[in-house]
Amino acid sequence: MSRLLLVTGDPEYDTHFRKAVQGRLPGEVQTVFSTSLPATPDELLGRSVGELPTAVVLGPGVDLYEAMRLVGVFDIQRPEVSLVLVVPADMSLAVAALRAGFRDVLDMDADSDGILSLLSRVCDAAASRRWAMPQGAVVAGTSYGMPSTPRDDTRVIVVTSPKGGVGKTTVATNLAVGLGAIAPMNTVIIDLDVQFGDVGAALRLAPEHSLTEAVTGPAVDDALVLKTFLTVHPASIYALCTPANPAEGELVGAAQIARLIEQLSGQFQYVVVDTAPGLGEHALAALEAATDVVFVTGMDVPGVRGLRKEMDLLGEMSMVPEHVSVVVNAADRNTGLSVKDIEATIRTPVDHVVPRSRMAAYATNRGEPLLLHAPKDKAARQLQGIVDSFAPARPAAKKGIHRKAMVRS
Ligand SMILES: Nc1ncnc2c1ncn2[C@@H]1O[C@H](COP(=O)(O)OP(=O)(O)OP(=O)(O)O)[C@@H](O)[C@H]1O
Ligand SMILES: [Mg+2]
């Protein structure tokens with residue numbers, strides 16, 4: 001017995017579809033007449049009556065963009081329900097739909113026999129999948145495949161500085177890209193410079209969604225919906241950029257940021273946070289959840305003094321995360337200030353010194369982080385050192401086993 005849920009804005013297609021399957025495929029068909037889709041699978045499935053459908057067919061009229069977004073969540077939350085997209089005769093759209101996670105695509109012009117044969121195949125495959133699933137996994141109203149306990153090894157790394165223009169975004173974006181090589185698709189960068197954030201520009205992204213959508217609506221209650229609002233960068237990282245309108249960013253509150261970081265740290269191994277200069281409410285909300293802080297300073301007296309004050313203030317508020325590192329960026333011998341002078345002022349060792357490099361500014365302007373654009377550049381090597389300091393510790397080599405291997409060879 002198969003239960004089919006058709007979603008379409010086209011009553012004629014509904015008639016055609018029903019004629020093709022009713023009485024020819026055991027089971028029943030229900031139709032939702034709509035062109036827009038809800039944000040979560042369960043909201044959509046909730047529109048059908050009775051048991052969970054075997055397959056959901058997104059028919060003509062349905063918003064394709066929403067369909068592509070929903071399918072990613074469907075596959076994780078409801079793998080037992082097959083999602084089929086009805087597409088016009090367009091090979092590239094069909095391929096895009098299958099890549100996005102649809103189980104199958106149905107030609108919009110398919111005749112009755114075509115519809116029947118495709119849906120029989122889809123329903124058979126769904127039945128075998130359900131059979132193979134752990135018992136009790138297929139329960140209406142319950143998410144399947146969602147991690148029940150959030151991961152506890154996440155590093156939340158906040159990049160901060162008291163002054164502007166010292167290289168926070170440069171450090172944060174390169175760090176994220178470098179961590180993407182260590183933890184592909186398990187690293188996310190969040191831009192918390194809510195008014196004038198430029199992570200999107202530094203990574204040359206054209207985000208379809210921004211921070212605002214990630215901290216309002218259905219994303220707040222569902223980390224998988226939240227994930228659909230992130231933008232993927234080719235370096236195998238996700239990014240959450242600021243809204244294009246600075247006024248919109250200002251509407252985001254500290255509590256929303258706290259919730260956002262809580263959700264992302266349940267899903268990702270590395271959460272890198274870029275911030276606006278100083279300790280605004282968003283930076284403080286991030287620092288409260290941070291495991292690591294990276295302080296960035298240039299080689300100038302006001303900047304270094306500002307950093308000392310920022311460190312003192314965080315100490316007074318008991319908000320210094322477990323791991324602290326200090327980066328001196330755009331380092332230059334001709335400033336009259338040495339790294340030793342900086343360490344004496346901030347009373348903390350400097351961990352990384354990133355030299356001034358023409359390539360750094362060039363990379364920013366191209367929207368390609370230095371680690372990707374010019375990995376051999378002198379500044380890139382130091383940025384890579386920052387990345388390496390966050391790599392999981394390698395287990396020590398087992399000498400005995402190694403020796404045995406050598407004897408055998
Ligand atoms: N090591 C470096 N050598 C030369 N230029 C650099 C270096 N690091 C960063 N820059 C350049 O300095 C400028 C400011 O850098 P960035 O945007 O990273 O600073 P920021 O601290 O994020 O600034 P803001 O506070 O405005 O967000 C950019 O044009 C960047 O390319
Ligand atoms: Mg910045």
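Keep in mind it's a predicted model, so treat the numbers as computed, not measured. Just so you know, residue 1 is the first one in the sequence shown, and it goes up from there. One-based numbering, in listed order, for ligands and for the atoms of each.
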Item to complete: Identify, for atom 13 (C) of ligand 1, the protein heavy atom at the shortest distance, and state residue, atom and that distance.
Response: Gly165 O, 4.6 Å

Worksheet item: Should the pair Asp377-Arg358 be classified as a salt bridge under the 4.0 Å nitrogen-to-oxygen rule?
Response: no

Worksheet item: Quick one: which ligand 1 atoms are inside 4.0 Å of a heavy atom on Ala361?
Response: 31 (O)

Worksheet item: ligand 1 and Thr364, any nitrogen or oxygen pair closer than 3.5 angstrom?
Response: yes

Worksheet entry | Top protein contact for atom 9 (C) of ligand 1, by heavy-atom distance | Thr170 OG1, 3.3 Å

Item to complete: Using a strict 4.0 Å cut-off to heavy atoms of Gly164, name the atoms of ligand 1 that fall inside it.
Response: 25 (O)

Worksheet item: Checking side chain to side chain contact (heavy atoms under 4.5 Å, CB included) against Val296, which of Val354, Asn329, Val328 comes through?
Response: Asn329

Worksheet item: Under 4.0 Å from atom 11 (C) of ligand 1, is there any protein heavy atom?
Response: no

Discussion item. Thr212 vs Leu251, test: side-chain contact (heavy atoms from CB on, under 4.5 Å). Steps then yes/no.
Written reply: CA-CA 8 Å; Thr212 326; Leu251 298 176; over 6 Å; no

Fill in: Top protein contact for atom 6 (C) of ligand 1, by heavy-atom distance
Ala360 CB, 3.7 Å

Worksheet, complete the sentence: The closest protein heavy-atom partner of atom 4 (C) of ligand 1 is Ser357 O, 3.1 Å

Fill in: Lys168 side chain to Ser161 side chain, donor-acceptor N/O pair below 3.5 angstrom
yes

Worksheet item: Using the ring of each side chain (for Trp, its six-membered ring), is His16 parallel, tilted or perpendicular to Tyr13, with breaks at 30° and 60°?
Response: perpendicular

Worksheet item: When you measure from atom 8 (N) of ligand 1 to every protein heavy atom, which one gives the shortest distance, and what is it?
Response: Asn329 ND2, 2.8 Å

Practice prompt. Answer yes or no for Pro355: is there a heavy-atom contact with ligand 1 below 4.0 Å?
Written response: yes

Worksheet item: His209 vs Tyr65 aromatic rings, parallel, tilted or perpendicular, using cut-offs 30° and 60°?
Response: parallel

Discussion item. Give me the residue, atom name and distance of the protein heavy atom closest to atom 17 (O) of ligand 1.
Written reply: Thr169 CB, 4.0 Å

Practice prompt. Provide, to 0.1 Å, the distance between atom 19 (O) of ligand 1 and the closest protein heavy atom, together with that atom's residue and name.
Written response: Gly167 N, 3.0 Å

Worksheet item: Is the distance between the Mg ion (ligand 2) and the nearest N/O/S atom of Thr275 smaller than 2.8 Å?
Response: no

Item to complete: Give a yes-or-no answer on whether the side chains of Ser36 and Asp63 include a donor-acceptor pair shorter than 3.5 Å.
Response: no

Item to complete: Heavy-atom contacts with Asp193 under 4.0 Å: which atoms of ligand 1 show up? List them by number with element.
Response: 27 (O)

Practice prompt. Please write down residue, atom name and distance for the protein heavy atom closest to atom 20 (P) of ligand 1.
Written response: Lys168 N, 3.4 Å

